[in-house]
Amino acid sequence: MTDPNRPVSAGAVDSPSPSSQRIAWIESARGLGIALVVAGHVLHGLVFNGLLADAPILRFWDGQYYNPQMALFFALSGMFAERWTSRSGRSFLADKGATLLYPYFVWAGLQGLVRIAVAVHAGRPAPVEYLVWLPVYPVMQFWFIYALFFVSLLHYALRRVGVGPAGCVVVALLLYGIRPWGDENMQVSTMPLLRIFYFAPFYAIGAALGPRLASIREDGPAWPAVAVAVAGLAVVTASARADVAPPIPLQMAVTLCGIAALIATATVLRRAPALGFIRTLGRCSLEIYAIHMFAVEGVRPALTSVLHVRDPAVHLVVGVAVSLGGSMAFVRFCERYGVRYAFRLPKAGKAAAPRPSPRREPSAVMA
C-alpha cells in the first residue's frame, strides 16, 4: 500500500515476490470470499424480514467458528504483514490510517447517516448513536475493517518488539483462547475487542505461512485442489449443522479447514476463463465490502414492495448480482471521473490519481 495509486491492500510480501500467476489465486480467493460475504448478508436480511426461515446451513455465514470467509480475509491480509516489520511506526500508522481507518469512517459514517435519514422519514427516533460510537463501536459490516486495523497493529507491535512470526501465532492463540465464549453474536456486538481476539490467530498464521502460501501454483493437476475443497467444505458444513460447539482447538481446526477449502476452490475456479470476473471482484473486495449494503438494503424492499416478489431464491440471485455489480459500477465510476478520495486518503506529498484499471497487477489482499 505504499503506492497510493495501487488498489487498497495490505501490501506485498518482500520475499518471495509473488508472480502474476501466484497473485491470481489470491485475487480469486478474495473474490470468492466477498461473493460469500454479500450472499450471507442477503440471506440474513431475508431471515430478519421473514422471507426465509432460519436454517442450520445459514450458520455457514454467521460470525462463529464455522465462518471461513471472514477468517480467510484475515489470513490473506496476514500474508503480507512481514513487509511492515522494518517500517517505522509512523509509516505504518499513516498507511493503515489512509487505507483502513479513512474508508471506515467515510463509509460507516455515510451508512449511519442513511439509517438516521430513514428512521426520521419513518417517524422513528434518529439513531445518532451510529455516528457517536464509531470510534469504539463499528456498525454493521464495518466491524471487519475496524478489527483488521487493530489486528494488524497488534501483529506489527509484536514484531517490532522482537517477537518472531511463530511467537505472534502463540500470542494470538492465547488471545483466542482467553476471550469469553458463549453467545458469539451477542458478545461480538457488545465488545468489538472480542472480534480482534477471535481473528488475530488467522492473521498471524497467514503471516507465518506467507512465503509458503505465496508459492502456491495453479499449473499442476486440479485433483488435489478439488479434494481439499470438497473435504474442507464438508468439515465446515457438518460442523455448522451441529447444535453444540466443539472444544476451542477443534473450532480453530474447523475454520482452518474452511480457509484451505476456499483457497483450493479459488485455484480451481481460476482455470475457468468464464469465471475470470471472480478475480476482478477480488481486486475491489474492500470497496465492495464497504458499499454493498446500500444495494442489499435497497434491492429487498424493491422486490417485495414494488415487484411483489417473495421467492427467497430470486431475492438471493438478484440481491447478490445487483450488490456486486452495482458496487463494481461505482468503483469504475470513481476511476473514470477521478473521484480520488472515495476509498482511500492519498499520502501527503504525493499527487492523488484515479485508481488505474484493475488489469494491472495489484498488491494482493483486502485490507
Side-chain angles (χ1 to χ4, degrees), residues 1-18 23 26-27 30 73-108 134-136 138 142 144-169 171-172 175 192 196 199-200 202-211 213-214 283-287 289-290 340-356 360-367:
M1 288 188 298
T2 55
D3 182 353
N5 293 332
R6 284 175 175 255
V8 178
S9 66
V13 225
D14 287 334
S15 179
S17 298
I23 287 287
I26 298 174
E27 291 176 338
R30 292 167 58 199
F73 284 124
F74 280 92
L76 293 178
S77 297
M79 281 181 59
F80 307 96
E82 284 302 298
R83 70 167 298 177
W84 291 103
T85 58
S86 61
R87 306 287 181 89
S88 68
R90 180 177 180 180
S91 173
F92 175 86
L93 291 174
D95 186 275
K96 297 303 179 185
T99 55
L100 290 178
L101 293 184
Y102 176 78
Y104 167 76
F105 282 107
V106 168
W107 291 104
L134 277 183
V136 294
F142 295 99
F144 166 73
I145 303 176
Y146 185 91
L148 181 58
F149 172 80
F150 286 103
V151 168
S152 60
L153 178 61
L154 171 64
H155 187 273
Y156 172 79
L158 290 173
R159 294 292 285 123
R160 290 289 291 181
V161 299
V163 179
C168 290
V169 173
V171 173
L175 295 176
I196 299 170
F199 288 101
F202 304 108
Y203 187 94
I205 290 171
L209 299 180
L213 292 175
R283 293 188 180 107
C284 301
S285 52
L286 178 61
E287 291 89 333
Y289 193 89
R340 299 174 177 175
Y341 303 98
F343 297 101
R344 88 196 63 214
L345 186 65
K347 287 187 176 181
K350 292 189 177 182
R355 178 168 148 169
R360 69 187 296 277
E361 182 178 314
S363 40
V365 342
M366 181 166 79

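All values reported here derive from a predicted model rather than from experimental measurement. Hydrogens, waters and symmetry mates play no part in the numbers below; they use all other heavy atoms, side chains included.
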Chemist: How far apart are the closest heavy atoms of L158 and C168, and which atoms are they?
Modeler: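 Answer, listing the atom of L158 first, then C168: CB-SG, 3.7 Å.
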Chemist: Any side-chain heavy atom of F343 sitting closer than 4.5 Å to one from W107?
Modeler: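 Of all side-chain heavy-atom pairs linking W107 with F343, at least one is under 4.5 Å.
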Chemist: Just wondering, do P135 and F105 contact through their side chains at under 4.5 Å, heavy atoms?
Modeler: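 F105 reaches P135 side chain to side chain.
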Chemist: Please walk me through it: do F149 and Y104 pass ring-ring contact (aromatic ring centres under 6.0 Å, His included)?
Modeler: CA-CA 10 Å; F149 172 80; Y104 167 76; 9.3 Å; no
Chemist: Taking the side chain as every heavy atom from C-beta outward, state whether I145 and P138 have any atom pair closer than 4.5 Å.
Modeler: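 No - every pair of side-chain heavy atoms lies 4.5 Å or more apart.
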Chemist: Is there side-chain contact between W84 and S91, with at least one heavy-atom pair below 4.5 Å?
Modeler: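 The answer is yes; the side chains approach within 4.5 Å.
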Chemist: Once you round to the nearest 0.5 Å, how far does CG of L154 lie from CG of L175?
Modeler: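 If I round to the nearest 0.5 Å, the distance is 6.5 Å.
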Chemist: Is the distance from the ring center of F142 to that of Y289 below 6.0 Å?
Modeler: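 No: the rings miss the under 6.0 Å criterion.
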Chemist: Can a donor-acceptor pair be found, under 3.5 Å and without considering hydrogens, that links the side chain of R30 to the backbone of C284?
Modeler: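 Answer holds: no.
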Chemist: Which distance, rounded to the nearest 0.5 Å, do you find between the OG of S77 and the OH of Y203?
Modeler: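 One finds 6.5 Å between OG of S77 and OH of Y203.
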Chemist: Looking at every heavy atom in both V106 and A342, which two are closest together, and how far apart are they?
Modeler: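 In this case the closest contact between V106 and A342 is CG1-O, 4.3 Å.
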Chemist: Test side chain to side chain contact (heavy atoms under 4.5 Å, CB included) on F73 and L148; report intermediate values, then the result.
Modeler: CA-CA 9 Å; F73 284 124; L148 181 58; over 6 Å; no
Chemist: F150: what forms a side-chain contact (heavy atoms from CB on, under 4.5 Å) with it, not counting sequence neighbours?
Modeler: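 Y146, L153, I196.
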Chemist: Working to the nearest 0.5 angstrom, can you tell me the gap between R87 CZ and Y156 OH?
Modeler: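 Answer rounded to 0.5 Å: 9.5 Å.
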Chemist: What residues, two or more places apart in sequence or in another chain, satisfy side-chain contact (heavy atoms from CB on, under 4.5 Å) together with A207?
Modeler: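 Partners of A207 by the side-chain contact (heavy atoms from CB on, under 4.5 Å) criterion, ordered by chain and then number, come out as A81, E82, H155.
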Chemist: Going through the distances and angles, do T85 and R159 end up as a side-chain hydrogen bond (donor to acceptor under 3.5 Å, both in side chains)?
Modeler: CA-CA 6 Å; T85 58; R159 294 292 285 123; 4.5 Å; no
Chemist: Could you report the tightest heavy-atom contact between I26 and F80, atom names first, then the distance?
Modeler: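 The answer is CD1-CZ, 3.6 Å.
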Chemist: Find the distance between CZ (R344) and CG (L286) and round it off to the nearest 0.5 Å.
Modeler: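 Reported to 0.5 Å precision, the distance equals 9.0 Å.
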Chemist: Could you pull out the closest heavy-atom pair between R160 and S88, with the gap in Å?
Modeler: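 For R160 versus S88, the nearest heavy atoms are NH2-CA, 4.4 Å.
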Chemist: Less than 4.5 Å apart, side chain to side chain, heavy atoms only: is that true for F144 and F199?
Modeler: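 Heavy-atom side-chain distance check fails, nothing below 4.5 Å.
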Chemist: As an exercise, state the distance from CG of L134 to CG of L101, rounded to the nearest 0.5 Å.
Modeler: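 Reported to 0.5 Å precision, the distance equals 11.5 Å.
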Chemist: Please report the closest heavy-atom contact between A200 and V151, naming both atoms and the distance.
Modeler: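 Answer, listing the atom of A200 first, then V151: CA-CG1, 3.9 Å.
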